[in-house]
Amino acid sequence: MRLPRPVLIATATATAAATLLLTPNGAVADPAPPVREGSGPPASAAAAKAPESATERALTSPVTGLAPDSTGAVRGYPREQVLAPDPENPADKSVKLGLTPYHAIAPRLNALQRLGDRVSVEVAGRSAGGHRLFLVTVTAPESARQARAQERMRELIENAPVAAAKDPAVKRDYKAPVFFNNNIHGNEWEGTDASLKLIEKLATARDGSTADLLAHHRVYFNITANPDGRIAGTRANANGFDLNRDFVTASQPEVRAMRQIAIDKQPALMVDLHGYVNGTLIEPTTPPHGENYEYDLFLKNTYANALGMEAAVNGLGYTPGKDGVEPAQIPFRDQEEGWDDWPPIFTPQYMPFHGTVAAHTVEFPMAVNNDEYDELPVAELRRRSAINVAIAGAAMRASLDYARTHRSSLVADQIEVFRRSVTGAAQVPVSPETVPGVPGIGPEDVYTTDFPRAYVIPAGADAQRSAPAAARLVDHLLANDVRVSRATADFRLGGKAYAKGSYVVDLRQPKRGMANVMLADGRDISDKVSVMYDISGWSLGRLWGATVDTVRTSKFAVPDRAVRAAAKVGYVAPGGSGAPRLRLRLDDAREIAALNSLLADGVAARRAADGSAIVPASARGKAEAAARRYDVAFDATKATGGAPLRRVRVAAAVTPGELFALREMDFDVIPVSTTVLNAGFDWSRADVLFASSGLDPEDLTPAARTALDTFLARAGLVGRGATGAALNAAAGLLAVDAVEGNPDANGVVRVVNSTGGGVTAGAPDHSFVYAPVWFTGLGAGVRVEQSYARGNPLVSGHWRALEDGDGGPAQAAGRASVVSGPHAVLFGTEPLFRDHPKGEFAQVARALLTVP
């Protein structure tokens with residue numbers, strides 16, 4: 001499930017079960033070779049073992065080979081292959097539940113492929129822990145020619161929707177894609193087993209309805225989106241990430257694989273199978289609804305399919321008295337708030353930006369994870385798992401029934417999504433008139449946005465500081481299938497002059513919703529609902545460090561060409577007697593990684609007055625290698641450096657997202673926690689402590705507390721949030737009072753950075769908060785590095801005062817958000833949150849480099 005919330009009340013009544021009769025088509029195929037992150041446990045020593053190249057690969061690594069073969073040619077179906085088996089693992093947590101362990105999946109898929117000519121298996125990528133991700137396609141056989149025709153129709157729907165709407169071949173022949181995503185949370189297992197059963201049924205059924213389904217659809221199954229967690233019985237993957245929070249960032253390989261499936265397969269309908277909410281929860285959601293969706297089309301199909309799934313689930317005959325199973329529920333109909341589809345971080349909330357017009361989280365009811373897994377008898381666990389498998393199967397079969405009977409309208413609505421996007425058409429607000437048949441639509445469900453004409457990421461001398469960030473942002477947009485062009489000459493747009501080389505994101509494109517949801521500021525929705533399910537603000541335009549201009553104009557003429565990758569920005573200034581030294585800015589994560597690599601290689605860099613790094617001329621060759629590797633620029637300078645910079649060893653009591661971000665910047669990190677320190681940690685292994693989670697000084701043994709205090713007195717602390725503030729107070733490092741804001745608050749905030757070469761020099765004027773903290777009562781020696789802006793600092797997100805009137809943005813306005821002193825830096829913001837706010841990373845890095 002998404003987050004621990006009170007169980008939603010089931011109010012739906014049982015209805016008759018929907019049925020689905022399923023058979024093959026006679027086409028001849030070509031032969032083919034056979035929690036909220038901050039409140040959870042700290043990151044473990046095994047988490048986030050990202051290689052040094054993570055900073056280059058983390059956001060853009062494609063998953064290729066899903067459609068074409070190695071030559072780029074489109075292949076027909078089936079695409080069979082013999083999968084090598086995985087070593088048997090008796091410790092796989094699925095075994096206890098009577099479910100399919102990961103090591104049994106490959107043999108099972110081999111057997112399913114042998115059942116006929118309908119089942120194909122491809123490897124869509126590998127997990128963080130190195131396990132294969134299996135994508136299964138079930139469809140009637142297709143020759144290579146037929147597969148090419150399907151791809152042409154898919155591209156026509158996306159790129160020329162006006163023509164696609166009139167094309168009789170699309171109406172007659174296009175195989176509308178359906179996608180089932182399983183086990184994205186590793187300890188919510190049963191979707192995998194239900195999918196394997198459904199694949200077998202589809203592979204062997206000989207009735208007319210199956211023939212009709214597979215002749216007019218491709219059905220895709222991501223068998224287990226999180227094999228690491230499936231094996232270990234954990235929600236997260238091997239890097240400690242909740243994959244169902246990562247879609248806007250795509251830091252994890254499993255999410256990049258799902259992203260590529262969304263782009264390549266373009267599902268019209270998708271279901272993401274989760275647990276555990278009793279009764280079975282079936283989206284659509286409560287408000288607020290994502291304002292960048294074509295929500296009228298989405299709600300129409302998602303609600304109708306939800307009714308079919310509800311009928312199928314309730315029709316299985318489970319009851320509260322006999323089985324402990326409550327009737328299914330649909331949040332849009334049955335709840336007021338608390339289960340929203342606002343952020344694009346969840347799978348079903350991300351897929352609509354690639355044309356999905358019916359997308360659901362389905363939560364089966366019977367809990368078998370966490371305490372239940374450890375405490376319930378095996379027989380009870382297996383009884384519950386069997387119920388969940390049956391319910392997941394019923395939901396999937398009902399979805400296939402909906403797809404088969406509504407194929408024409410699903411395809412037409414997907415075409416309409418893209419038509420509105422490429423023509424710049426306005427969204428259609430939901431109402432009883434625009435979405436007939438959906439009860440209870442009210443003004444609280446109306447969320448639309450005013451799309452700008454374009455976004456510009458400027459080039460030129462003024463943009464050099466943010467050039468690495470701009471390149472990263474452009475590559476991330478492209479990886480999400482957003483079209484970006486680059487100006488071939490100087491131009492004016494929206495009354496502003498731009499230099500040649502500036503990037504332009506024209507919103508008259510198929511993925512305008514994707515572009516806007518990433519680049520726009522977002523909205524302050526604090527007054528719309530009292531509680532949100534997860535984060536409410538995430539703007540890449542504000543948080544990733546690049547300058548992004550919003551353009552609203554009726555006149556749009558730019559001399560440009562489309563790009564497939566951002567232009568390289570790395571260079572080293574020519575040498576010369578007048579400027580023998582090199583300067584590396586430290587404003588971006590890539591620049592930090594480059595510096596850390598140089599320090600690890602023995603380069604004697606020094607810190608300049610403005611906070612940048614001065615590299616000696618003797619290290620020019622190493623600087624050139626770093627410039628190529630990290631795509632960063634080394635300027636010539638006559639400045640002399642001050643204090644020497646050295647590679648610091650970071651003891652880190654942090655969340656998995658923070659650990660991953662630290663390693664992305666190539667810091668040498670040793671995870672620690674209360675347990676680790678109580679076991680006797682050797683502090684000679686570390687130079688600085690970064691603490692935000694999992695370290696409570698009150699729970700330390702006297703010996704561990706003494707060792708920690710001794711270390712902090714000679715080294716230093718970088719603290720974040722309430723945990724960091726508590727450690728600071730216990731050690732008596734900075735004379736400040738930490739004030740905790742509303743713990744449910746989160747979003748993008750305006751900040752004011754200090755001048756000079758401090759921790760926030762060169763930082764963006766926006767930051768991210770999650771359970772924000774601010775600092776008052778500042779004593780002697782405390783420097784304010786950053787403050788929350790005056791007025792209302794919240795730009796987008798959800799931040800209310802508490803019932804007593806405290807803890808809100810008005811109380812934080814003008815207060816210090818980052819403070820520093822001789823041996824400590826404290827953050828009240830979340831600059832590394834889930835590896836997301838890339839433009840904020842350098843603040844933490846500067847603190848780590850300067851505190852020791």
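Numbers here are sequence positions counted from 1.
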request  = Would you name the heavy atoms of Ala403 and Val178 that are closest together and state the gap between them?
outcome  = CB-CG2, 3.7 Å
note = In short, ring-ring contact (aromatic ring centres under 6.0 Å, His included) pairs touching residues 131-172 with sequence neighbours left out are Tyr102-His131
task = Return yes if a side-chain donor-acceptor contact under 3.5 Å exists between Glu283 and Trp339, otherwise no.
result = yes
ask   = For residues Ser127 and Asp228, is any side-chain donor paired with an opposing acceptor at under 3.5 Å?
value = yes
request  = With sequence neighbours excluded, tell me which residues meet ring pair (Phe, Tyr, Trp, His ring centres under 6.0 Å) with Phe768.
outcome  = Phe833
ask   = Do we see a donor-acceptor contact under 3.5 Å between the side chains of His836 and Thr249?
value = yes
message = Quick check for you: to the nearest 0.5 Å, what is the distance between Thr137 atom OG1 and Ile199 atom CD1?
response = 9.5 Å
message = Donor-acceptor check, side chain of Trp189 to backbone of Arg230, threshold 3.5 angstrom: yes or no?
response = yes
message = Ring centres under 6.0 Å, that's the criterion: do His798 and Trp342 meet it?
response = no
ask   = Distance-only, no hydrogens or angles: does the Ser539 side chain make a donor-acceptor pair with backbone N or O of Ala520 under 3.5 Å?
value = yes
inquiry  = Holding to salt bridge (charged side-chain N to carboxylate O under 4.0 Å, His left out), I want the full list of residues that pass it with Asp521, two or more places apart in sequence or in another chain.
reply    = Arg542
request  = Examine distances only and state if a side-chain atom of Gln150 and a backbone atom of Arg218 form a donor-acceptor pair shorter than 3.5 Å.
outcome  = no
key: Any residue meeting side chain to side chain donor-acceptor pair (under 3.5 Å) with Ser195, in chain and number order, not counting sequence neighbours   = Asn182
Interatomic spacing from CD1 in Ile157 to CG in Asp167 - rounded to 0.5 Å = 9.0 Å
ask   = Taking only residues two or more places apart in sequence or in another chain, which ones pass side chain to side chain donor-acceptor pair (under 3.5 Å) with Ser536?
value = none
ask   = Checking side chain to side chain donor-acceptor pair (under 3.5 Å) for the pair Asn516/Asn292: CA distance, chi angles, key distance, verdict?
value = CA-CA 7 Å; Asn516 205 57; Asn292 290 280; 2.8 Å; yes
task = Quick one: which residue pairs count as a side-chain hydrogen bond (donor to acceptor under 3.5 Å, both in side chains) with a foot in residues 415-426, not counting sequence neighbours?
result = Glu294-Arg420, Asp296-Arg420, Glu416-Arg419, Glu416-Arg420
query = Does the side chain of Asn301 come within less than 4.5 Å of His406's, by heavy atoms?
reply = no
inquiry  = Strictly below 4.0 Å, N to O, side chains only: are Glu310 and Arg333 in salt-bridge contact?
reply    = yes
query = Sequence neighbours excluded, which residues qualify as side chain to side chain donor-acceptor pair (under 3.5 Å) partners of Thr347?
reply = Asn244, Asp272
note = Those residues at least two apart in sequence (or on a different chain) that pass salt bridge (charged side-chain N to carboxylate O under 4.0 Å, His left out) with Asp445 are none
task = Would you check, one step at a time, whether the test side chain to side chain contact (heavy atoms under 4.5 Å, CB included) holds for Glu291 with Arg523?
result = CA-CA 9 Å; Glu291 62 183 350; Arg523 187 194 301 192; 2.7 Å; yes
inquiry  = If you define the side chain from C-beta out and look only at heavy atoms, does anything of Met518 sit under 4.5 Å from His476?
reply    = yes
request  = Could you tell me whether the side chains of Asn181 and Asn222 share a donor-acceptor contact shorter than 3.5 Å?
outcome  = yes
Which residues share a side chain to side chain donor-acceptor pair (under 3.5 Å) with Lys511, sequence neighbours left out = His354, Asp481
key: Lys/Arg N to Asp/Glu carboxylate O, Arg126 vs Glu254, below 4.0 Å   = no
key: Backbone N/O of Val219 and side chain of Lys175: donor-acceptor pair under 3.5 Å   = no
inquiry  = Just to verify, what does Arg152 make a salt bridge (charged side-chain N to carboxylate O under 4.0 Å, His left out) with, not counting sequence neighbours?
reply    = none
remark   = Value for CG (Asp475) from CZ (Arg564), rounded to nearest 0.5 Å, stands at 12.5 Å
query = Is there a side chain to side chain donor-acceptor pair (under 3.5 Å) between Tyr447 and His289 once you walk through the steps?
reply = CA-CA 6 Å; Tyr447 286 86; His289 309 296; over 6 Å; no
key: CA sep, side-chain torsions, deciding dist, call: Asn159, Glu155, side chain to side chain donor-acceptor pair (under 3.5 Å)   = CA-CA 6 Å; Asn159 301 320; Glu155 291 179 350; 5.2 Å; no
Pairing of Arg148 and Glu151 as salt bridge, 4.0 angstrom limit = no
key: Listed once per pair and sorted, the ring-ring contact (aromatic ring centres under 6.0 Å, His included) pairs that draw on residues 157-182, sequence neighbours left out   = Phe180-Phe221
ask   = Once you round to the nearest 0.5 Å, how far does CG of Leu109 lie from OG of Ser120?
value = 11.5 Å
query = Do the side-chain N and O atoms of Arg483 and Gln509 include a donor-acceptor pair separated by under 3.5 angstrom?
reply = no
key: Spacing of Tyr303 atom OH and Ile282 atom CD1 [to the nearest 0.5 Å]   = 11.0 Å
inquiry  = Between Asp246 and Arg834 (salt bridge meaning N to carboxylate O under 4.0 Å), is one present in this structure?
reply    = no
task = Please check if the side chain of Thr302 supplies one atom and the backbone of Pro284 the other of a donor-acceptor pair under 3.5 Å.
result = no
request  = Mind checking salt bridge (charged side-chain N to carboxylate O under 4.0 Å, His left out) for Arg453 and listing every partner two or more places apart, or none if nothing turns up?
outcome  = Asp506
message = Please determine whether side chain to side chain contact (heavy atoms under 4.5 Å, CB included) holds for the pair Tyr402 and Leu410, giving the CA-CA distance in whole Å, both sets of side-chain angles, and the decisive distance to 0.1 Å.
response = CA-CA 10 Å; Tyr402 182 83; Leu410 283 170; 4.1 Å; yes
query = Mind checking whether Phe346 and Tyr533 have parallel, tilted or perpendicular rings, split at 30° and 60°?
reply = perpendicular
key: Phe298 and Tyr293 aromatic ring geometry - parallel, tilted or perpendicular at 30°/60° bounds   = parallel
ask   = If every non-hydrogen atom of Phe364 is compared with every non-hydrogen atom of Gly191, which pair is closest and at what distance?
value = CZ-N, 3.7 Å
query = Are the side chains of Tyr77 and Pro141 in touch, meaning some heavy atoms are under 4.5 Å apart?
reply = no
message = Apply side chain to side chain contact (heavy atoms under 4.5 Å, CB included) to residues Met532 and Ile525 and explain how you reach the verdict.
response = CA-CA 10 Å; Met532 291 289 292; Ile525 55 172; 3.5 Å; yes
ask   = Rounded to the nearest 0.5 Å, what separation is found between the OG1 atom of Thr448 and the CD atom of Gln427?
value = 5.5 Å
task = Answer whether the closest heavy-atom distance between the side chains of Val438 and Phe332 falls below 4.5 Å.
result = yes
key: Trace of the side chain to side chain contact (heavy atoms under 4.5 Å, CB included) decision for Val170 with Ile415   = CA-CA 10 Å; Val170 172; Ile415 291 172; 4.2 Å; yes
task = Take Gln252 and Asn239 through the test side chain to side chain donor-acceptor pair (under 3.5 Å) and record every step on the way to the result.
result = CA-CA 8 Å; Gln252 300 303 294; Asn239 280 342; 2.8 Å; yes
